[in-house]
Each structure stands twice: as C-alpha cells, then as structure tokens.
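Naming: A, B, ... by sequence-line order, numbering from 1 per chain.
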Number of protein chains: 2
Amino acid sequence: MPPYDPSAFPPFAVTVDLVVLTVRRHALWALVVRRGEPPFQGRWALPGGFVRVDEDLADAAGRELREETGLCAQEVDAEAPPAGNGAHLEQLGTYGAPERDPRMRVVSVAHLALAPDLPAPRAGGDARSARWAPVDELLDRRGYGREDEPAAPLAFDHTRILCDGVERARSKIEYSSLATAFCPSEFTVGELRRVYEAVWGVVLDPRNFHRKVTGTPGFLVPTGGTTTRQGGRPAQLFSAGGATLLNPPMLRPEV
Amino acid sequence: MPPYDPSAFPPFAVTVDLVVLTVRRHALWALVVRRGEPPFQGRWALPGGFVRVDEDLADAAGRELREETGLCAQEVDAEAPPAGNGAHLEQLGTYGAPERDPRMRVVSVAHLALAPDLPAPRAGGDARSARWAPVDELLDRRGYGREDEPAAPLAFDHTRILCDGVERARSKIEYSSLATAFCPSEFTVGELRRVYEAVWGVVLDPRNFHRKVTGTPGFLVPTGGTTTRQGGRPAQLFSAGGATLLNPPMLRPEV
DNA sequence: TCAAAAGTGTTATGTGTACACCCATGG
DNA sequence: CCATGGGTGTACACATAACACTTTTGA
C-alpha cells in the first residue's frame, strides 16, 4: 500500500458495529457491552471496533463477533443459507454523521448478526463486560419489567442502529429463511414458530404455520428424529434447507 | 473536531459512489463517467467522490448527484415518498475490500438514485465526460447491439456495485412505490407499467396492472388531467401518492 | 376506417384464514 | 385420565391470471 498522504483526502476512522440478536424467553435480545472510557463511559453500547488496515469489512465484523461471542459466523454478501451452528452475518448500513463521535470523524459500518440462544456472552479480550438485554428495554418500549439494569439510552447513535437492525430482521424473515438462524441446528416447527412470534411480536396459528413452512419448498428438511422437549406429542426435527428466498413469503399479520 | 492523531487508528479515505438509474426506451440505463486519470484511465466508472470532512454521507451523495445531473435529490433514510421532480436517493451498501483501490485504502459508501428520463447528463465541475449507458451492456449481458462505445468492464468494483444497485431496484419496486421515482411528476398507468416492464425485463398484462395499481390505496392520486402522448385513447394522469409500502405488493412474474 | 392504447367485466384458479378435529406423549 | 403441544381436513374469503369486450383518440 502506498504511503498515506493526508493532504490528498480527509482522514476518517472506520469501525464496524454489531447488532447481535437472539431469541430467548419468547422475546428478542441484543448483545451490548459496557463502555469503560469516555465518551459515554459506563453506558451500554453495541459491540464493535476499528477495522484493521488490511482487513475486509466483513472480516472485521466476523472477528468482532468471534471476540464477543465465540460464534463462527457465516458471512454473506446478499443471500446465503445459515448453516451449522454459526451465526448469520450481513452488512446492515453505514453511519457517518460528522458529530456522531465527539472525538473524531468516525464512519461505522454496522452489521447484523443472528444467533441461536447462547450461553453467557464471553467478555471481550479487553475485558469489557457484556450482556444480553431485551430489545424492548433497549429501545425504551418498556416491554419488560426491567431487570437488574436501568434502561439508559445506548451510547452514540447505537439506539438508531439497533432499531434499524431489528427492523431489518423483522422484514427479512418474511421473505427469506433467515429465521432458522435463530434456531439450533435441529429444531421443531413449533420452535421456529416461536421465533417468528418473538421477532414480530404476534401470535400465529400453529396449524396454518405448520402447513405453510413444511409446504414451502427448500425451507425445512426433516432429519428423521423427534423430540418432546417442548412437551406434548413428539415433534419432528428439521434442519434448515437450502432455500434462501421463500416463495411464497411468510405473511406478517396486520397490526 | 479535535486534531487527527494517526497513531490511534488506521486512516481511511471515505468516498460515495452513485448508482443512478433511469428508464429510457423500454430499458434500464445507468449514469457512468469516464476516468481521466489512472488507475483505470479511460475506463467508465460510477460517479462519486470523497466525502468532505464535515459532511454527512447522504449529503455527500446528494452533492455528487447534483454535480453530475443537476437533480435535487430526496434523501431518505429508510422509506420515503419520492416527491416532485427530485430523484429518490438511498444508501445501498459499503464496499471496503483492502485492495479495491490500488492507491490506498478506500471505503466507498454506495448510494442508489432513481431518476426520471433526463436530458443529457451534465459534465461534472471537473469536466469529466458523463453518459447514460444501458445496464444490460454495462453488465455484459449484451442486451443491446452496442452503440458507439465498446463495453469494457467498469473500473474498480463498480460492476459489482452496479449489479447490487440494480438488484435493489428490482426487488424494491415490488413492495414499495419506488417505481414512481422513474416517472415525471405526472404520468399515466401505462407509463408506470413500462417502468415495471423495463426494470424487471418482463411483459405485464395492461388490464390487470391497471386494476392493481389504481386499487392499491395511496399508490396513485389522479391529477384530473389526461394525455394522449402515448397514442390511443386519452389516459388519466396520476401523481405519486403518499404510500411508500404497497400492500398487497406488486407481483413479479415467475422466470 | 383503422390502429393503438386505455379501461371494465367475468370467470377459473389458487392462497390465506379460521377453526373443528384427531394424535401421541408425560404426569 | 387429562393437559399439552403436534399435526390434518375443510370451508370460506379474497387475490390473481387470463381474456373477451368497450372506449376514445390520432392518422
């Protein structure tokens, strides 16, 4: 790489920020880390960090995700099947308002990651504390009687980024098989339905849902096994099929 | 803004690139400019330029669009009605592979702009030559017997960016009122149908299309006038309604 | 008068929704 | 035995696709 000539163009810092979502206890949760330094010291923020000088944007996002969660992400460009127990990872959007970081001009390339219900988050290499928080609480929708933490707004413009990420997830599970990224490698139709219900915040008819997802070609493939981990009659186990785009799409009920 | 400390983070150049699309002669066209300097000297590229040090990303994209076309863009964040004779402008994605520009590390925030059929493109302030080119030709699909210019691949990763932009436009006119951004402020149902046909590369039934778009609430509002500029029986004139999301969506015929 | 494009009516077919009903397990 | 969730069948409402047909202009 030729030497950097500061007179030729304005210098920017480039970071990646992560919206990491999971479904737990019939709700949507996001991963947040506590800031140890100013600005916004002590406040919660999305995980993220600087892009290294010879690193691609998607690689940087995958590295941060691995550092925070231990997940091995399936990076995708446009559409790809979320496979195995890796998380889905895609670019969300870029946030570069001049004053979004008071210290310097920072452009952040936000990424969206979807993960199955995980054990506790790993503390980052720099020993920041990390936790899962209900999205409704972070977005101040008072969805939960708050837990141990008061709900202060996220640092920087991270509330906005989180909001955009949640909206992306909400709309994308309509027409893609992305909802399976919230499930373990083998799951039942009922578990998949609870993902849709949590992400959309609705209640779906179990019978029609079953017919729809099992009838959509390539969405689910039966593994042969069954489970009774949800109680009741044993349910067939499925894994995510090869299809990425659902046709016909899942329909989100009217509000 | 505090002074820049190069030791704290790797310095990046940040640019905006524009995918500007229009519909003309029953096909999709993109705006390209000829590069006057190495690398890729003499090759066609997407219009774009450096983000200024105190400029928001969307502002930079709007400025470049104005410099290239004279269009006054409606910048949007997520969804917004394309109004007046301004173009629709939205962020498309960010491209930051380490070697995408051989000179230095450049992260480009690509934007997608949709415009009605325009007069000739304005030469930029720096006198670069600009032209409209059929997208099929730029993407090497040989959709046209080529015109005066040989079809060399675009500079940098611009073919990929263009491809992503076209794909975004194709899918977004399905569920949003974005197709009206390709039309002048007043247009007929037939003209709107020709937009869909050009962007999707299909032929639609004029009768069913008419019923569908006029029956979708908020999509079109009649202006009262009529026109015969397409020949045949006079057609009602419409302008874009307030709706941004179409419910039910327009259905793209199977391939 | 004819061609061309705009619009309306009608019908077959498919898809979503609501809900009655049965199945297989654990307690 | 019953509660719990899994899964099937069926009837109705509604949307789409195909196409016959009428309307209104310019040439």
Side-chain angles (χ1 to χ4, degrees), chain A residues 25-26 173-175 183 186-198 200 202-239 245-255, chain B residues 23 25-26 173-175 183 186-198 200 202-239 243 245-255:
Chain A
R25 285 196 257 146
H26 224 99
I173 63 174
E174 285 190 65
Y175 59 88
C183 296
E186 290 200 342
F187 54 90
T188 70
V189 171
E191 288 161 354
L192 183 63
R193 175 169 50 81
R194 280 178 275 277
V195 165
Y196 276 92
E197 291 178 332
W200 283 344
V202 297
V203 175
L204 300 173
D205 185 302
R207 291 88 55 129
N208 293 333
F209 183 87
H210 184 280
R211 214 193 328 266
K212 175 110 181 187
V213 296
T214 55
T216 299
F219 194 2
L220 303 181
V221 287
T223 65
T226 62
T227 182
T228 59
R229 61 186 175 221
Q230 301 288 344
R233 166 177 168 179
Q236 274 186 276
L237 284 169
F238 295 87
S239 60
L245 259 42
L246 303 183
N247 200 296
M250 306 296 295
L251 287 189
R252 174 158 34 166
E254 305 291 322
V255 186
Chain B
V23 170
R25 285 197 257 147
H26 224 102
I173 63 173
E174 284 190 65
Y175 58 89
C183 295
E186 291 201 341
F187 54 91
T188 70
V189 171
E191 288 161 354
L192 183 64
R193 176 170 48 81
R194 279 179 276 278
V195 165
Y196 276 91
E197 292 179 331
W200 283 345
V202 297
V203 175
L204 300 172
D205 184 302
R207 290 91 54 138
N208 292 333
F209 183 87
H210 185 280
R211 215 193 326 268
K212 175 112 180 186
V213 296
T214 55
T216 299
F219 195 2
L220 302 182
V221 287
T223 65
T226 61
T227 182
T228 59
R229 62 188 174 219
Q230 301 288 344
R233 167 176 167 179
Q236 274 187 276
L237 283 169
F238 295 87
S239 61
L245 259 43
L246 303 183
N247 201 294
M250 305 298 294
L251 288 189
R252 176 160 29 170
E254 305 292 321
V255 186

| What are the residues of residues 212-224 of chain B, sorted by number, that bring a heavy atom to within less than 4.0 Å of DNA chain C? | none
| task | Please check the phosphate of D:dG7 (OP1 and OP2 only) for any side-chain N or O of A:His210 closer than 4.0 Å. | result | yes
| Can you give one letter per nucleotide of nucleotides 22-27 of chain D, going 5' to 3': B for a protein heavy atom under 4.0 Å from the base, S for sugar-phosphate only, - for none? | -BBB--
| Rounded to whole angstrom units, what separation is found between the CG atom of B:Asn208 and the C1' atom of D:dC19? | 9 Å
| Do the side chain of A:Glu197 and the main chain of A:Leu204 share a donor and acceptor less than 3.5 angstrom apart? | yes
| said: Between C1' on D:dA17 and CE on B:Met250, what's the gap in Å once rounded to a whole number? | reply: 13 Å
| request: For residues B:Lys212 and B:Asp205, determine if any side-chain heavy atom of one lies less than 4.5 Å from a side-chain heavy atom of the other. | output: no
| field | Taking every non-hydrogen atom, the tightest pair across A:Cys183 and A:Val195 | value | SG-CG2, 3.9 Å
| Interatomic distance where CZ belongs to B:Phe209 and C1' belongs to D:dC19 [whole Å] | 18 Å
| remark: note: A:Phe238, atom CZ; D:dG6, atom P; distance rounded to Å ~ 11 Å
| request: Given side-chain contact (heavy atoms from CB on, under 4.5 Å), test B:Phe209 with B:Met250 step by step and report yes or no. | output: CA-CA 9 Å; B:Phe209 183 87; B:Met250 305 298 294; 3.5 Å; yes
| message | Rounding to an integer number of Å, can you tell me how far A:Leu237 CG sits from D:dG6 P? | response | 11 Å
| Between which nucleotides of DNA chain C, 5' to 3', does chain B make heavy-atom contacts below 4.0 Å? | C:dA4 to C:dT10
| query | Only one of B:Thr214, B:Leu192, B:Val221 forms a side chain to side chain contact (heavy atoms under 4.5 Å, CB included) with B:Phe238, so which one is it? | reply | B:Thr214
| Nearest atoms (heavy-atom pairs only) where B:Pro249 meets B:Tyr175 | CB-CA, 4.1 Å
| task | Indicate yes or no for a side-chain donor-acceptor contact from A:Thr223 to the backbone of A:Ser239 under 3.5 Å, with no hydrogens or angles considered. | result | no
| said: Mind checking if B:Arg194 touches a base, just sugar-phosphate, or nothing, with heavy atoms under 4.0 Å? | reply: sugar-phosphate
| query | NA contact type, B:Pro206, heavy-atom cut-off 4.0 Å: base, sugar-phosphate, or nothing? | reply | nothing
